[in-house]
Amino acid sequence: MYAIVKHSGCQKKMTVGQKLFIDRVANDKDSKLLFNEVVFLRNENEVIFGEPLVAGALVEAKVLKHIRDDKIHVRHFKRRKHHMKRQGHRQNYTQIEVTAINHGSEKPKKATKKASKTASKTVSNDQ
């Protein structure tokens, strides 16, 4: 089973147990990370395309570590113009491990009494 997930402007293919690098996220090490923008799901016997997203699908991952990539040197040079510019860049990444892929066909859990009481108390500001 695998899923294609949208994250920070690009799409990543994720399978359970896979370790991959994504753009830096603010979560702490060993914390849980949820991706809810699932575009495509593939199971052993079914394929689910999102329109544009798969309803109720969720990918869970665990943050392993935060790293910085090697420095990239950017040089601009114009001959005979006495112009040269140098610049460096290091990209920040987060390494994650995909722990579970849940598709939306599963029934949601029933709300507990405590959650249903707080959900029923809504405040409206009708004036």
Side-chain angles (χ1 to χ4, degrees):
M1 174 184 231
Y2 71 89
I4 297 179
V5 176
K6 284 172 54 174
H7 174 68
S8 68
C10 61
Q11 296 177 356
K12 300 278 187 181
K13 180 181 175 182
M14 297 183 180
T15 59
V16 176
Q18 179 186 16
K19 295 179 183 177
L20 66 143
F21 291 99
I22 60 171
D23 288 339
R24 174 72 61 102
V25 292
N27 295 35
D28 294 331
K29 184 179 174 183
D30 295 328
S31 67
K32 187 176 178 181
L33 186 63
L34 300 174
F35 297 98
N36 58 359
E37 293 187 355
V38 179
V39 180
F40 177 83
L41 275 173
R42 170 73 191 241
N43 204 348
E44 293 84 24
N45 53 5
E46 65 180 334
V47 176
I48 303 171
F49 291 94
E51 297 174 4
L53 301 174
V54 178
L58 191 68
V59 176
E60 298 177 12
K62 177 183 172 185
V63 175
L64 297 178
K65 63 181 176 179
H66 300 288
I67 64 163
R68 294 186 77 188
D69 201 15
D70 295 334
K71 182 177 269 194
I72 297 172
H73 297 282
V74 182
R75 291 187 177 96
H76 297 276
F77 177 77
K78 295 181 183 177
R79 62 186 190 139
R80 298 188 304 268
K81 304 295 182 191
H82 196 68
H83 174 77
M84 188 167 100
K85 181 180 176 184
R86 286 184 259 174
Q87 185 177 358
H89 175 73
R90 291 185 71 182
Q91 184 68 33
N92 296 317
Y93 289 109
T94 299
Q95 186 179 20
I96 62 169
E97 181 179 8
V98 179
T99 56
I101 298 175
N102 303 321
H103 37 85
S105 62
E106 298 173 359
K107 293 182 180 179
K109 295 179 182 177
K110 292 183 179 179
T112 60
K113 291 182 181 180
K114 185 181 252 186
S116 63
K117 286 181 183 178
T118 58
S120 64
K121 294 180 183 179
T122 56
V123 178
S124 61
N125 293 333
D126 295 332
Q127 295 176 348

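Please read all numbers here as calculations on a predicted model, not as lab measurements.
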Open item on the list: So, taking the atom named CD1 in Ile22 and the one named CD1 in Ile96, what distance separates them when rounded to the nearest 0.5 Å?
Closed with: 4.0 Å
Task: Within-4.5 Å side-chain heavy-atom neighbours: His66 and Arg24 - done: yes
TODO: Could I get the full list of side chain to side chain donor-acceptor pair (under 3.5 Å) partners for Arg68, not counting sequence neighbours?
DONE: Asn92
Open item on the list: Glu97: which residues meet the salt bridge (Lys or Arg N to Asp or Glu O under 4.0 Å) condition with it, sequence neighbours left out?
Closed with: none
Open item on the list: Would you say Val38 ends up clustered with Met1 if hydrophobic residues are merged whenever their side chains have heavy atoms under 4.5 Å apart, either directly or through other cluster members?
Closed with: yes
TODO: Please go through Ile67's hydrophobic cluster and name the other residues, only I, L, V, M, F, W, Y counting, with side-chain heavy atoms under 4.5 Å joining them.
DONE: Phe21, Tyr93
Open item on the list: Quick check on side-chain contact (heavy atoms from CB on, under 4.5 Å): which of Lys13, Gln18, Met14 does Tyr2 satisfy it with?
Closed with: Lys13
Task: Test side chain to side chain donor-acceptor pair (under 3.5 Å) applied to Asp69 - qualifying residues, sequence neighbours left out - done: none
Open item on the list: My understanding is that only residues two or more places apart in sequence, or in another chain, count here; which of them pass side chain to side chain donor-acceptor pair (under 3.5 Å) with His73?
Closed with: none
Open item on the list: Within this structure, what is the CD-CG distance for the pair Glu60 and Leu33, rounded to the nearest 0.5 Å?
Closed with: 10.0 Å
Task: With Val5, the side-chain contact (heavy atoms from CB on, under 4.5 Å) member among Asn36, Leu58, Val59, Ile101 - done: Val59
- [ ] State which residues pass side chain to side chain donor-acceptor pair (under 3.5 Å) with Asn27; sequence neighbours excluded, sorted by chain then number.
- [x] none
Task: Side-chain touch His7/Glu37, heavy atoms, less than 4.5 angstrom - done: no
Open item on the list: As an exercise, state the distance from NE2 of His103 to CD1 of Ile48, rounded to the nearest 0.5 Å.
Closed with: 6.0 Å
Task: Same apolar cluster (I L V M F W Y, side chains within < 4.5 Å links), Val47/Val54 - done: no
Open item on the list: Quick check on the hydrophobic clustering: are Ile4 and Phe49 connected, directly or via other members, by side-chain heavy-atom contacts under 4.5 Å?
Closed with: yes
Task: Side-chain heavy atoms of Val98 within contact of Leu20, under 4.5 Å - done: yes
Task: Rounded distance (nearest 0.5 Å) linking atom CD1 of Ile72 with atom CZ of Arg90 - done: 10.5 Å
Task: From Lys29 atom NZ to Lys65 atom NZ, the distance as rounded to the nearest 0.5 Å - done: 8.5 Å
Open item on the list: Is any side-chain heavy atom of Thr99 closer than 4.5 Å to one of Val16?
Closed with: no
